[in-house]
Amino acid sequence: MLTTNYYNDFFEFGQQKINFSFFELSLPDDDPVYTLKKVMEDLDFSGLLANCSDKGRTGYNPIMMYAVVTYANMRGIRSVDRIVELCERDLAFIWLTHGQKPKRDAFYEFKGKKLTSEILDDLNYQFLRRLQKEGLVTLKELFIDGTKIEANANRYTFVWRGTVNYHLAGLLDSIELNFARYNIFLQENGYGQKYDIGNAQMFVIEGMDKVRSIIEKNRKRKLSKHKKLANNTVIEIDNCSPLEILKLQKNLNTIATGEGIEFVYGKGKRKPEIQQLYEELEHLGQRLMGYKECFEIMGKDRNSYSKTDLEATFMRMKEDHMLNGQLKPAYNVQIAVENYFIIHGYVSNDRTDYNTLIPVLEKHQQAFGSILEEVTADSGYCSEKNLLYLKEKGIESYIKLQDHENRKTRAYAEDISKYYNMKVEVFEDEQFYICHDGRELRHIRTETKEQNGYTQTFEVYACADCSGCERKARCLYKYNAEKDTEKNKVMKINEQWDELREKSHANIQSERGILKRQTRSIQTEGHFGDIKENENFRRFNYRSADKVYKEFMLYAIGRNINKYCRFLNEKLKKFEGKTTEKTA
């Protein structure tokens, strides 16, 4: 039977009396911290050092601070308090800091002031040029995808454009009522001529008539329990200035002074009519200033924002595998990947991906020149503006179309109402279509439509007479046999858009295109799956787009160096793609 007191041996004779200097403490030879040090030795930190002042008390070495922050992100650590703790306890952090113990204020100052977005991008691009020389990336092709990450904003802090529009309509009614009350007050008392004051004129707001009509329709729909209509009309409120109301208040002050009318306050005192009108106008002006500020924060591109993070937009978040979720303040995070490395990151408050492709490609051109040859993305990036940009830059498009899956169905090929299922003929240099009933659809006019600063051109074709056609019900949109007996077939065709779509569709259907689509889904979506599920990066710690971008890019740089470490230790090999025997 063992009689030794192992408990006392461990605590009394073990740890309390052991001198740690007798032992050699070392990191594993393949620890990623050595790879980080190797990468940093070749980086040019002149931009970072130039942003650090040499006046006052000497602070911590900014290169050391960058190394610590980067290594923390390599370990999936983004909390500053946790980094401070590891600088005191973790061997790798102690090795990087040479035993120094920077506190949280030093990290906040470094990340907030010294490490700007431009410096961070420059350091990342230097590392990518190194990877290019070593043959790990070519920078000639990009696989692009995006995801939504929740912003660091409080609950119930939403501001909706539709709600502001609704209340603004009521506010304008109140303002108009008080303007009329002001004019009557001047006329009845003769103050207009006495003090040379003109009548107040109600200002006009562009787009308000449409909002009022939608509000009226929604009131009727509420009674019939129909779904409400969207009310996100962009209202031009620039000419609607609260200063107009302030002028009326000054006029009332002038009248009150001239007539010897004193404003009274407190319980039991009856306010004169001029004071009641003055205070009502003051209240309306304050409300108008508040709504004007809301529109300025949202701009013309957004329909919502959060009060605690003004640059975050409310987006539909996917909470689980059943896509059950709710609207939360978030940012749309884009990554451009090649061979597992994140080449670019881009943070947007746009809910869709349409407007995020061109900024990413422009970043690539500014950083590496016009070397990009191919871009692969999913259907969320397919728009005429994006495909035309790729064509003008000589970049091959491997972007899936929105109707990619519909094109495989029989209904798509047998839809007689679509122009692509009709015959096309040319007579005397004039192109026209022949429907399934043998009738001609001739070109009648050209229309243009402007959307998000881009102009689309449509060619309109129409049939002169569709009477007696037995296929009307299948050919005309929402055909009603009683009301649409005289209606003829009209088609709007965007020929440039169709040409770009067919070229991109042909690319993704090719053997190379199938391989690229497989690669994109593996690499980009693999990154997001790892980030959200394994690293639990579902919410930002900082507020505002610039700080959010720096937080994400530090994390992306950490992932890149981890990938590079795995390549050096032969734990990861360059992705060559899967077999293309089966079409995607």
Side-chain angles (χ1 to χ4, degrees), residues 32 35 69-83 86 124 142-153 155 309 312-349 351-353 356 360 376-381 400 517-543 547-567 569 571-575 577-578 584:
T35 305
V69 171
T70 304
Y71 183 66
N73 280 275
M74 291 170 64
R75 298 260 296 264
I77 300 166
R78 297 178 291 117
S79 169
V80 170
D81 290 336
R82 179 62 176 153
I83 295 174
L86 291 174
N124 183 41
L142 292 178
F143 302 92
I144 300 176
D145 200 3
T147 190
K148 296 177 178 64
I149 298 180
E150 186 179 352
N152 182 11
R155 298 177 182 177
D309 187 353
T313 304
F314 279 80
M315 306 179 186
R316 176 68 65 181
M317 307 290 290
K318 301 174 184 176
E319 296 295 326
D320 56 22
H321 62 281
M322 295 296 291
L323 306 185
N324 297 318
Q326 58 183 341
L327 290 170
K328 292 183 178 180
Y331 287 95
N332 189 355
V333 178
Q334 304 287 318
I335 59 172
V337 181
E338 183 188 359
N339 192 29
Y340 301 110
F341 292 100
I342 299 177
I343 309 299
H344 300 287
Y346 180 70
V347 173
S348 168
N349 53 21
R351 295 176 299 165
T352 63
D353 294 332
T356 61
V360 172
T376 307
D378 61 15
S379 59
Y381 301 86
K400 184 188 291 187
R517 284 157 51 202
Q518 291 176 345
T519 305
R520 186 207 65 82
S521 61
I522 291 170
Q523 297 201 19
T524 58
E525 295 179 12
H527 266 293
F528 288 135
D530 195 24
I531 289 171
K532 285 189 168 183
E533 294 298 330
N534 297 338
E535 303 290 349
N536 200 29
F537 190 168
R538 295 179 174 272
R539 195 172 191 264
F540 287 109
N541 291 332
Y542 294 86
R543 295 174 179 176
K547 292 182 180 180
V548 162
Y549 174 75
K550 288 193 290 185
E551 181 181 359
F552 180 77
M553 280 310 299
L554 279 170
Y555 187 78
I557 292 172
R559 290 186 63 82
N560 282 346
I561 297 177
N562 277 335
K563 297 289 184 184
Y564 183 56
C565 178
R566 295 182 65 189
F567 272 107
N569 293 310
K571 296 180 180 179
L572 189 65
K573 294 183 179 180
K574 189 171 182 179
F575 185 78
K578 294 185 176 182

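Index from 1, following the sequence. If you're wondering where the values come from, they're calculated on a predicted model, not measured in any experiment.
When side chains are defined from C-beta on, Ile557 does not count as touching Asn73, because their heavy atoms never get closer than 4.5 Å. Annotation: side chain of Asn560 is in contact with side chain of Asn124 (closest heavy-atom distance under 4.5 Å). Inter-residue side-chain proximity for Arg520 and Glu525 is flagged as met; some heavy-atom pair is nearer than 4.5 Å. Looking at heavy atoms from C-beta onward, Asp145 lies in side-chain contact with Phe528 at the 4.5 angstrom threshold. Within the 4.5 Å cutoff, the side chain of Lys563 has heavy atoms near those of the Arg566 side chain. Within the 4.5 Å cutoff, no side-chain heavy atoms of Arg538 are placed close to those of Glu150. Proximity of Thr376 to Leu142: side-chain heavy atoms (C-beta onward) are nowhere separated by under 4.5 Å. The closest side-chain heavy-atom distance from Met315 to Leu327 is not below 4.5 Å.
A donor-acceptor contact shorter than 3.5 Å is absent between the side chain of Gln334 and the backbone of Val347. Under the 3.5 Å distance criterion, the side-chain polar atoms of Asp530 are left unmatched by any main-chain donor or acceptor of Gly526.
The side-chain hydrogen bond (donor to acceptor under 3.5 Å, both in side chains) test applied to Arg543 returns Asn154, not counting sequence neighbours.
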Residue pair Phe540, Ile149: steps toward the side-chain contact (heavy atoms from CB on, under 4.5 Å) verdict: CA-CA 7 Å; Phe540 287 109; Ile149 298 180; 3.5 Å; yes
Derivation of the side chain to side chain donor-acceptor pair (under 3.5 Å) call for Asn569 and Tyr564: CA-CA 9 Å; Asn569 293 310; Tyr564 183 56; over 6 Å; no
Stepwise side-chain contact (heavy atoms from CB on, under 4.5 Å) check, Ile531 with Tyr555: CA-CA 9 Å; Ile531 289 171; Tyr555 187 78; 3.6 Å; yes
side-chain contact (heavy atoms from CB on, under 4.5 Å) evaluation trace for Tyr549 with Leu554: CA-CA 9 Å; Tyr549 174 75; Leu554 279 170; over 6 Å; no
From CA spacing to verdict: side-chain contact (heavy atoms from CB on, under 4.5 Å), Lys400, Tyr381: CA-CA 8 Å; Lys400 184 188 291 187; Tyr381 301 86; over 6 Å; no
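Nearest approach of Pro329 to Ala312, heavy atoms of both residues: CB-CB, 4.2 Å. Minimum interatomic distance between Ile335 and Thr524 (heavy atoms only, all atoms of both residues): CD1-O, 4.0 Å. For the pair Asn339 and Gln523, the tightest heavy-atom approach, listed with the atom from each and the gap, is N-OE1, 3.1 Å.
Here the CZ-CZ distance, from Arg351 to Arg316, works out to 10.5 Å after rounding to the nearest 0.5 Å. The structure places CD1 of Ile343 at 10.5 Å from CZ of Phe143, a figure rounded to the nearest 0.5 Å. Atoms CD and OG1, from Glu338 and Thr519 in turn, are 11.0 Å apart once rounded to the nearest 0.5 Å. Considering OH of Tyr71 and CD1 of Ile77, their distance stands at 8.5 Å, rounded to 0.5 Å. For the atom pair NE2 (His527) and CD (Glu535), the distance works out to 11.5 Å, reported to the nearest 0.5 Å. A distance of 11.0 Å separates OG1 of Thr70 from CG of Asn562, quoted to the nearest 0.5 Å.
A ring-centre distance under 6.0 Å is not found for Tyr346 and Phe552.
Heavy-atom contacts from other residues, nucleotides or ligands closer than 6.0 Å to NZ of Lys547 number 12 or fewer.
The side-chain contact (heavy atoms from CB on, under 4.5 Å) with Asn332 is formed by just one residue from the set Asp353, Thr352, Asn349; it is Asp353.
Between Arg78 and Glu551 there is a salt bridge, since a side-chain N of the basic residue sits under 4.0 Å from a carboxylate O of the acidic one.
Ring pair Phe567/Tyr340 is tilted by interplanar angle, where 30° to 60° counts as tilted.
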